[in-house]
Peer 1: 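What follows is a structure written as structure tokens; I'll ask about it next.
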Amino acid sequence: MAAHAQSLDSLQHVEEVVITGHIVRREVIPVQELSGRALQRLGTHNVADALRYFSGVQIKDYGGVGGLKTVNIRSMGTNHVGVFYDGIELGNAQNGTVDLGRFSLDNMESITLYNGQKSAIFQPAKDFGSSGSIYLQTRTPRFEEGERDHVKATFKSGSFGVVNPALLWEHRITERVSSSLSAEYLHSSGRYRFTYRMEEGYDTTAVRRNGDINALRVEGGTFGRLEQGYWRAKAYLYTSERGYPGAVVRNKFSHEDRQWDTNFFIQGSMTRRLSGVYSLKANAKYAYDYLHYLSDPSLDVSTMYVNNRFRQNEMYLSLANLFNINGHWSMAVSTDYKLNTLSANLINFAYPVRHTTLVAVAAQARYGRLNAQASLLATFVTDKVRTDTAAAGGKTELTPTVVMSYRPFAKADFTLRAFYKSIFRMPTLNDLYYTFIGNIKLRPEYTHQYNLGFTYAVHPRNKWLSHLEMQADAYYNKVEDKIVAMPTSNQYRWTMMNLGEVEIKGVDVSLQSAFALPQGVMLGVRASYTYQHAEDVTDPTSNYYRNQIPYIPWHSGSLTLNTEWRGWELNYSFIYTGKRYDASDNIPENYVPEWYTSDLSLTYGFTIARTRLRLTAEVNNIFNQQFEVVKCYPMPGTNYKLAIKIKI
């Protein structure tokens with residue numbers, strides 16, 4: 001019975017992980033995860049910062065606490081990444097980009113990254129529809145016998161005028177039903193010193209301005225257990241006002257652009273085994289997104305006047321059906337429907353409406369130490385517009401995925417894996433219909449992914465080594481009609497470049513281990529390395545042929561070390577990103593130097609009268625490295641943060 005119950009939910013909830021306990025993820029698809037205390041030790045503000053520690057990931061960061069942050073997996077582009085919040089995708093039909101900077105770690109239980117798709121066939125059809133997926137799992141209330149309430153309060157402050165209080169309340173309503181309410185406020189002036197590269201080198205010091213942010217997040221959830229399953233319901237609200245400091249170009253250090261955001265959604269899911277053969281998973285969601293962008297020449301004479309407001313509505317329904325044929329074979333059929341609308345205060349705006357239907361058929365077979373999965377996703381997209389502007393043509397596409405894993409040795413924890421996945425993504429509504437810019441003839445992007453890798457874990461159970469796990473994957477990706485978005489003088493207007501065809505060859509390696517040292521000292525090590533060669537192969541006669549595509553480094557990696565001793569924790573983290581170019585032409589003028597940062601934190605936890613307290617001091621970028629993730633968007637130098645957490 002327990003084994004069957006586990007198959008109901010492929011995203012398992014894991015209790016807070018300590019350094020002495022490790023759960024080996026025997027996944028068919030390459031997977032990386034940060035959860036529990038390992039996630040909290042990183043000293044990061046948001047999800048985007050935490051993702052830097054995964055191999056194969058590139059983050060575009062435009063600086064500061066409130067700067068835009070997007071993720072790219074294995075060089076295939078931000079729009080090919082599906083981001084799922086508590087099992088349901090976060091959508092943005094307008095531009096296809098999810099700003100990961102607005103998702104806090106305060107209420108986050110785990111962050112999981114899959115290349116290809118999740119290693120389960122029992123999932124919504126949308127989960128099959130991305131080249132890579134990020135799953136954000138928030139906390140689920142858990143209570144010991146006799147407990148009815150948990151309260152956790154956190155307050156963080158530090159450089160850039162950061163004020164960041166948060167509160168979490170978990171309540172047991174009945175034996176089967178519980179609730180949670182989480183709220184968080186973030187304020188930052190966004191002001192920090194940086195040095196600006198002149199022709200003769202770094203010799204100009206300035207202060208980053210107009211990078212302030214005021215943001216509020218409130219979310220509430222209800223969680224229930226069924227006889228053979230569970231259900232969840234959640235409401236989420238995020239609202240913010242921020243300044244965009246803009247690019248530092250031509251000795252211009254200050255911008256006045258402003259943006260207001262409101263993001264709201266309600267969603268629910270239910271998973272239940274209805275018989276020994278059949279299980280059902282149902283998801284539903286409504287989302288509303290409001291964006292107001294203002295660029296005012298009366299405040300900044302170098303800009304054009306822009307005062308645009310956009311409103312998005314999304315309706316999403318999904319039914320997934322699992323059939324356990326026998327102990328070796330299972331099948332699943334999933335159907336999703338999504339409705340997206342976009343309105344704006346622009347002249348001659350098209351007011352597009354997009355209908356998307358997805359149907360996925362998948363099968364899984366297990367024979368001894370061999371595990372095989374195959375899926376076929378059918379995608380039907382239809383756009384309609386209200387104006388005289390013609391709508392883009394409808395799209396119907398079939399895309400397959402084949403996955404295999406094999407454990408060649410009965411006793412050794414060694415697994416070989418391989419997969420092939422083909423997928424496409426439709427152009428966004430901005431790409432097609434944005435006034436004066438949209439092109440209804442724009443072609444979709446297609447990706448073909450090939451992956452071969454292994455996972456090896458050892459558990460010697462000796463006095464000093466608790467566990468050792470290594471993952472390595474070699475991959476080849478081909479992207480057709482690839483579009484690269486490049487920022488101009490502000491983050492609202494972009495230049496879209498269609499590179500035609502891109503080939504990506506890479507290797508991802510990650511290592512995790514834990515050691516028990518003398519005097520009760522525990523040491524944890526986590527390391528990752530990525531090599532990527534992402535080339536434009538569109539036109540052999542072009543000057544850009546076989547050049548590295550913009551912002552993809554050849555080499556990158558990370559290292560984290562954490563020690564524990566009698567309530568004390570000392571954590572060190574290091575991130576390295578190698579040389580890149582900010583344009584297709586790999587010439588010295590477009591060179592972006594490599595960068596690295598080192599962060600250090602010290603935490604002490606203790607208990608007073610059944611109240612748990614944790615005090616943390618962090619110093620980030622301790623060597624005051626001057627660097628840019630995106631050219632002309634300088635990042636902060638040395639900065640600090642202090643935090644206190646109280647748990648009742």
Side-chain angles (χ1 to χ4, degrees), residues 70-83 89-98 115-117 124-133 312 314 316 336-342 350 352-360 375-385 389-401 420-434 437-450 476-486 494-504 534 536-539 549-550 584:
T70 61
V71 63
N72 177 14
I73 298 176
R74 291 186 172 180
S75 305
M76 289 178 291
T78 298
N79 291 320
H80 286 283
V81 180
V83 182
E89 188 177 35
L90 297 167
N92 188 339
Q94 180 182 358
N95 57 34
T97 299
V98 176
N115 292 293
Q117 62 196 36
K126 195 68 185 74
D127 292 46
F128 294 91
S130 301
S131 299
S133 302
Q312 294 186 70
E314 178 178 300
Y316 172 74
D336 292 7
Y337 169 74
K338 185 165 65 171
L339 170 67
N340 294 99
T341 67
L342 176 64
V353 177
R354 172 168 289 179
H355 300 268
T356 304
T357 301
L358 303 166
V359 180
S375 62
L376 184 64
L377 176 65
T379 305
F380 309 91
V381 181
T382 303
D383 289 353
K384 297 182 179 180
V385 295
T389 304
K395 189 67 181 177
T396 300
E397 191 75 23
L398 293 174
T399 48
T401 300
Y420 165 76
K421 181 179 179 69
S422 174
I423 201 67
F424 83 106
R425 69 102 174 169
M426 281 291 292
T428 66
L429 298 182
N430 269 3
D431 293 338
L432 296 171
Y433 305 111
Y434 190 85
I437 298 176
N439 176 13
I440 63 173
K441 296 182 180 180
L442 197 63
R443 297 184 301 273
E445 288 186 357
Y446 294 83
T447 67
H448 302 275
Q449 300 170 256
Y450 304 84
Y476 171 78
N477 301 332
K478 187 174 182 179
V479 184
E480 299 172 357
D481 294 324
K482 182 175 176 61
I483 301 171
V484 174
M486 305 292 294
W494 296 68
T495 298
M496 308 305 295
M497 298 170 56
N498 191 318
L499 294 182
E501 193 169 318
V502 173
E503 288 185 352
I504 304 154
D536 177 2
V537 294
T538 304
D539 182 5
I549 65 175
S584 297

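Throughout, residue positions are numbered sequentially from 1 according to the sequence presented. It should be emphasised that the depicted structure is a prediction, and the values quoted were computed from it without experimental measurement.
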Peer 1: Identify the heavy atoms of Pro550 and Ser584 that sit nearest to each other, and give their distance.
Peer 2: CG-N, 3.8 Å
Peer 1: Quick check for you: to the nearest 0.5 Å, what is the distance between Asp336 atom CG and Thr356 atom OG1?
Peer 2: 10.0 Å
Peer 1: Partners of Tyr446 by ring pair (Phe, Tyr, Trp, His ring centres under 6.0 Å), sequence neighbours excluded?
Peer 2: Phe424
Peer 1: Distance-only, no hydrogens or angles: does the Gln312 side chain make a donor-acceptor pair with backbone N or O of Gln94 under 3.5 Å?
Peer 2: yes
Peer 1: I want to check something: taking the side chain as every heavy atom from C-beta on, are Glu89 and Pro124 in contact at a cut-off of under 4.5 Å?
Peer 2: no
Peer 1: For residues Ala125 and Leu377, report the shortest heavy-atom separation together with the two atoms involved.
Peer 2: O-CD1, 3.8 Å
Peer 1: Examine distances only and state if a side-chain atom of Glu445 and a backbone atom of Val479 form a donor-acceptor pair shorter than 3.5 Å.
Peer 2: no
Peer 1: Applying side chain to side chain contact (heavy atoms under 4.5 Å, CB included), name anything that partners Tyr476, two or more places apart in sequence or on another chain.
Peer 2: Tyr450, Lys478, Glu503, Lys505
Peer 1: For residues Ser131 and Met76, report the shortest heavy-atom separation together with the two atoms involved.
Peer 2: CB-CE, 3.7 Å
Peer 1: Minimum heavy-atom separation for Asp536 and Ile549, please, with both atom names.
Peer 2: N-CG2, 4.0 Å
Peer 1: Carefully, step by step, assess His355 and Leu339 under the rule side-chain contact (heavy atoms from CB on, under 4.5 Å).
Peer 2: CA-CA 5 Å; His355 300 268; Leu339 170 67; 3.5 Å; yes
Peer 1: In this structure, which one of Asp383, Thr428, Asn340 forms a side chain to side chain donor-acceptor pair (under 3.5 Å) with Arg354?
Peer 2: Asp383
Peer 1: Quick one: pull up CG in Leu358 and NZ in Lys126 and give me the separation to the nearest 0.5 Å.
Peer 2: 6.5 Å
Peer 1: Is any side-chain heavy atom of Thr447 closer than 4.5 Å to a side-chain heavy atom of Asn477?
Peer 2: no
Peer 1: Using a 4.5 Å cut-off on heavy atoms from C-beta on, say whether the side chain of Pro400 contacts that of Ser375.
Peer 2: no
Peer 1: How long is the straight-line distance from CZ of Arg425 back to OG1 of Thr78, given to the nearest 0.5 Å?
Peer 2: 9.5 Å
Peer 1: Of the non-hydrogen atoms in Gly91 and Glu314, which two are nearest, and what is the gap between them?
Peer 2: CA-OE1, 3.8 Å
Peer 1: Are any side-chain N or O atoms of Asn72 and backbone N or O atoms of Gly77, one a donor and one an acceptor, separated by less than 3.5 Å?
Peer 2: yes
Peer 1: For the CE atom of Met426 and the OG1 atom of Thr379, what is their distance to the nearest 0.5 Å?
Peer 2: 10.0 Å
Peer 1: When rounded to the nearest 0.5 angstrom, what distance separates OG in Ser422 from CD in Glu397?
Peer 2: 7.0 Å
Peer 1: To check you understand the geometry: which heavy-atom pair defines the closest contact between Phe128 and Ile423, and what is its length?
Peer 2: O-CD1, 3.8 Å
Peer 1: Output the distance between atom OH (Tyr420) and atom CD (Gln449), rounded to the nearest 0.5 Å.
Peer 2: 9.5 Å
Peer 1: Compute whether any side-chain donor of one residue and acceptor of the other, for Thr70 and Thr97, lie under 3.5 angstrom apart.
Peer 2: no
Peer 1: Got a donor-acceptor contact below 3.5 angstrom from the Lys421 side chain to the Thr399 backbone?
Peer 2: no
